[in-house]
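Take a look at the structure set out below.
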Amino acid sequence: MLLIEEVEEPAFKISLMLTHLEQAGIFNAVDGVVVGNFQTDPDEYEKIKKVLQDFFASASFPVVENFHIGHCQPNYGVPLGAIAKLTTSQPRLVIDSGVTKT
């Protein structure tokens, strides 16, 4: 799972960042992408949504957007390295607690 979030970046920079990740082969190794809240004005967010839709149009993995991760309020922490399940029919990220019963 790849988590992406940014604060007040314009759509063209988001596009450049995604292209950089793609060229680095990052998307070949992910099972899903969770996009945080970009905390930008509504007009710019519409442009960012278009960038995301165009960029991930043919993705072989689920992509969900506008999750409250990163620099936003409320801010839900996501532990790195945890086992998680991502669904898109109802956008949802379920994170395994990591605690096992014996």
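Residue numbers run from 1 in the order of the sequence given. All values below come from the heavy atoms of this structure, side chains included, with hydrogens, waters and symmetry mates left out.
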* State, yes or no, whether a side-chain contact exists between Leu2 and Val34 at a heavy-atom distance under 4.5 Å. => no
* State the CD-CZ distance between Glu22 and Phe55, to the nearest 0.5 angstrom. => 4.0 Å
* Asked: Cluster question for you: counting only ILVMFWY and a side-chain heavy-atom cut-off of under 4.5 Å, with indirect links fine, are Ile4 and Ile26 together?
  -> yes
* Gap between atom CD of Glu9 and atom CD of Glu44 - 0.5 Å precision -> 9.5 Å
* **Close side-chain approach of Leu52 and Val35, heavy atoms under 4.5 Å** => yes
* To do: Indicate yes or no: at least one non-hydrogen side-chain atom of Phe27 is less than 4.5 angstrom from one of Val33.
  => yes
* 4.5 Å side-chain heavy-atom contact, Ile14 and Glu6 -> yes
* **Joint hydrophobic cluster, Tyr45 plus Val63, side-chain heavy atoms closer than 4.5 Å** => yes
* **With sequence neighbours excluded, residues passing side chain to side chain donor-acceptor pair (under 3.5 Å) with Asp54** => Lys50
* Asked: Going from CZ on Phe38 to NZ on Lys47, what distance comes out if it is rounded to the nearest 0.5 angstrom?
  -> 15.0 Å
* Asked: Val7 and Leu16: same hydrophobic cluster, using ILVMFWY side-chain contacts below 4.5 Å?
  -> no
* Do Leu86 and Met1 have side chains that get closer than 4.5 Å, going by heavy atoms? -> yes
* To do: Determine yes or no for a side-chain-to-main-chain donor-acceptor pair under 3.5 angstrom, with Thr19 supplying the side chain and Ser15 the backbone.
  => yes
* To do: Drop me the distance from Asp41's CG to Ile48's CD1, to the nearest 0.5 angstrom.
  => 8.5 Å
